[in-house]
Amino acid sequence: MGKLFKGVVKFTVAAAAVGGLAYVFRDQIKESKPYKEYEVDEKIKKVKTTLKEKMPAFFDNEADFVEDDDLFEDLDLAAEDVERDYVSITPEAVVEDVKEAAEEAKDAVEEKVEEIKEAVEDATDDIPTIES
């Protein structure tokens with residue numbers, strides 16, 4: 001059961017990736033030589049008319065279907081109507097924050113240097129020396 005599920009997930013992800021790429025490059029695909037050579041638009045129209053003939057109940061509400069371009073136009077209009085609040089950042093406040101952070105870092109480094117000096121002095125005190 002696990003292998004089947006993994007296979008289905010892999011297939012779904014691959015199909016979504018291919019579909020996404022096809023959607024992104026749809027204009028280049030429509031202008032490509034194989035697309036025109038095999039008359040893909042005519043074949044798609046033929047499939048649509050066949051489906052309408054075989055499944056008329058499904059296509060009764062055809063006005064409810066939204067074209068892709070209409071969907072994106074609605075999104076663009078909705079984005080234009082959004083009122084945005086902006087936060088202003090003053091350079092002086094940023095400079096002050098940076099100065100404070102630099103001071104804190106400097107203090108921390110100085111403390112570590114002092115600790116290291118003390119550790120070195122303690123370590124050198126324990127080293128036996130040879131007197132001649």
So how far is it from D41 CG to K36 NZ, rounded to the nearest 0.5 Å? 10.0 Å
In Å and rounded to the nearest 0.5 Å, what is the NZ to CD distance from K106 to E111? 12.5 Å
Connected via hydrophobic side-chain network under 4.5 Å: L21 and V24: yes
Spacing of T49 atom OG1 and I44 atom CD1 [to the nearest 0.5 Å]: 12.0 Å
E39 CD to K46 NZ distance, which is reported to the nearest 0.5 Å: 11.0 Å
With clusters defined by side-chain heavy atoms of hydrophobic residues (ILVMFWY) lying less than 4.5 Å apart, directly or transitively, does Y38 cluster with I29? yes
Tell me whether the count of non-hydrogen atoms from other residues, nucleotides or ligands lying under 6.0 Å of OH in Y35 goes above 12. yes
